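Step one of this worksheet: look at the structure below.
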Protein chains: 2
Amino acid sequence: MARMSASDRRAALARAALTVVERDGVHAATTRAIVAEAGMPLGSFHYAVPSRDELLRDVVELVVAGEGDAAFAALLADAVDPADAIRRTLTAYLEHVRAAPGREQAMFELTQYALRTADLQDLPAEQYARYHALAARILTAAQAHLGIRWTVPVAELARLVVTVTDGVTLGWLADRDDAAAERTIDLAAAALAPFAEPASDPTN
Amino acid sequence: MARMSASDRRAALARAALTVVERDGVHAATTRAIVAEAGMPLGSFHYAVPSRDELLRDVVELVVAGEGDAAFAALLADAVDPADAIRRTLTAYLEHVRAAPGREQAMFELTQYALRTADLQDLPAEQYARYHALAARILTAAQAHLGIRWTVPVAELARLVVTVTDGVTLGWLADRDDAAAERTIDLAAAALAPFAEPASDPTN
DNA sequence: CCCGAAGTTGGTCAAGTGTCCCAGACACAT
DNA sequence: ATGTGTCTGGGACACTTGACCAACTTCGGG
């Protein structure tokens, strides 16, 4: 095994653990499965990290941190109106899920696991705060790109958007019905579009 | 232990297993925890059911079958308009979640578990089909109660409603922010209400 | 009343788990 | 070169888990 600092090894273990969780689920993420994925001997595990739960915490934080760089905002440029923009963005997200179902399922599993683990109970709140903040950034950017203004607080709309993406994802994971998911997105876009008004609307 | 037929015992074990899953999570639903919950000796387990995975299948089916009797439709009577009706219904659902968070979390966990288990992969689709059917029934009933007509197919609207309830539940489970969840529901109600029109609207 | 079938139960096993240990190898400053 | 703290990695321990068994008790029909 190449020599590696304990902290580097810990990071490598977290990445390996995420790979295992995506592929086989949280319950399969044993210490042995993780070190096998990382190509390390078992002994390295507890040299690099005090306990398995602490590594899982790293994994959740890895997930939370790495979810932000979404290129969704770029899509806004092509959209012709708010409904179109919302539909395109949600569709892009669905494509992302379809391309790597295990990844999104891993997010849900990790959230549920954290909720059941005393030491990790604060993580889901942080995780969702980041999701909400990300959605808020996209919505704010959309105002400039589309020349519109949201008629309700962006923070509240952001939470609703995250709610819809989570719901669409869960539903699709359950029945893998692409067409139905698309229709749900169309409907959601139509439902959310009225919250936008032209930026210079004289009625305000 | 009272004498009991093997099939009755199997049903009792499935109920006990559900109780354990609600309280402690899927990973805690070991054969020993289940028989302890059911007040049975360990030996009874494999007399009544061939394997643990087969009992988990029973549990998922129990969940799928027993979710339908919601009394949500009754709330429609008091509502003054579609937005109010939707808000009341979603709020009632949120109350249901808040009263027994473990229960709804168990639903999610069981769905994820089924998706990861080869023998159970067909169950989530069935589970969500039932959710969608239930939502469709409520939406159809709402038409008569409120004297309105949905301007989009009920089946599609039903899937969106389930999407929203799932998303709201997941978000609330993560951060337990009652106020934020309430506002999300308010917003969702406002967004969905325009899909209703007076039943005798002359513009159609 | 008897007897085979059905049900009960504590004990046991092999596999798998998280955690820990320690003897050795390595890198680097002195 | 030598020493010191860091890293390696095979092995072990205590424990849990799902599964199984064999002896025992109870039931219901002939």
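Every chain is numbered from 1 and lettered A, B, ... according to where its sequence line falls, protein lines coming before strand lines. As the structure is a computational prediction, the values presented were derived from the model and not from experiment. As a basis for the values below, the full set of heavy atoms in this structure was taken, side chains included, without hydrogen atoms, waters or symmetry mates.
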>> Nearest to the side chain of B/P41, heavy atoms from C-beta on, is which of C/dG10, D/dG9, C/dG7?
In response: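 Looking only at heavy atoms from C-beta outward on B/P41, the closest nucleotide is C/dG10.
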[X] [atom1] to [N] [atom2]: how many Å, rounded?
{"X": "B/L55", "N": "D/dT17", "atom1": "CG", "atom2": "P", "result": "16 Å"}
{"X": "B/L42", "N": "D/dT17", "atom1": "CG", "atom2": "C1'", "result": "10 Å"}
{"X": "A/I34", "N": "C/dT19", "atom1": "CD1", "atom2": "P", "result": "10 Å"}
{"X": "B/E54", "N": "D/dG18", "atom1": "CD", "atom2": "P", "result": "15 Å"}
{"X": "A/R3", "N": "C/dC26", "atom1": "CZ", "atom2": "C1'", "result": "4 Å"}
{"X": "A/L56", "N": "C/dT17", "atom1": "CG", "atom2": "P", "result": "14 Å"}
{"X": "A/M40", "N": "D/dG11", "atom1": "CE", "atom2": "C1'", "result": "19 Å"}
{"X": "B/F45", "N": "C/dG10", "atom1": "CZ", "atom2": "P", "result": "17 Å"}

>> Taking any heavy-atom pair under 4.0 Å as a contact, classify A/A6: base, sugar-phosphate, or nothing.
In response: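 Here A/A6 touches the backbone only, sparing every base.
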> Reckon A/M4 touches a base, only the sugar-phosphate, or nothing at all at heavy-atom distances under 4.0 Å?
Replying inline: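 Contact class for A/M4: sugar-phosphate only.
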Considering just the side-chain nitrogens and oxygens of [X], establish if one lies under 4.0 Å of OP1 or OP2 belonging to [N].
{"X": "B/H46", "N": "D/dA19", "value": "yes"}
{"X": "A/R9", "N": "D/dT6", "value": "no"}
{"X": "B/Y47", "N": "C/dT8", "value": "no"}
{"X": "A/T31", "N": "C/dT17", "value": "no"}

>> Between B/S44 and B/R32, which residue's closest nucleotide on DNA chain C lies nearer the 5′ terminus?
In response: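 Mapping each residue to its closest nucleotide by heavy atoms, the 5'-most match is B/S44.
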>> Can you confirm whether the side chains of A/Q112 and B/Y113 place a donor and an acceptor under 3.5 Å from each other?
In response: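 The answer is no; no qualifying pair exists.
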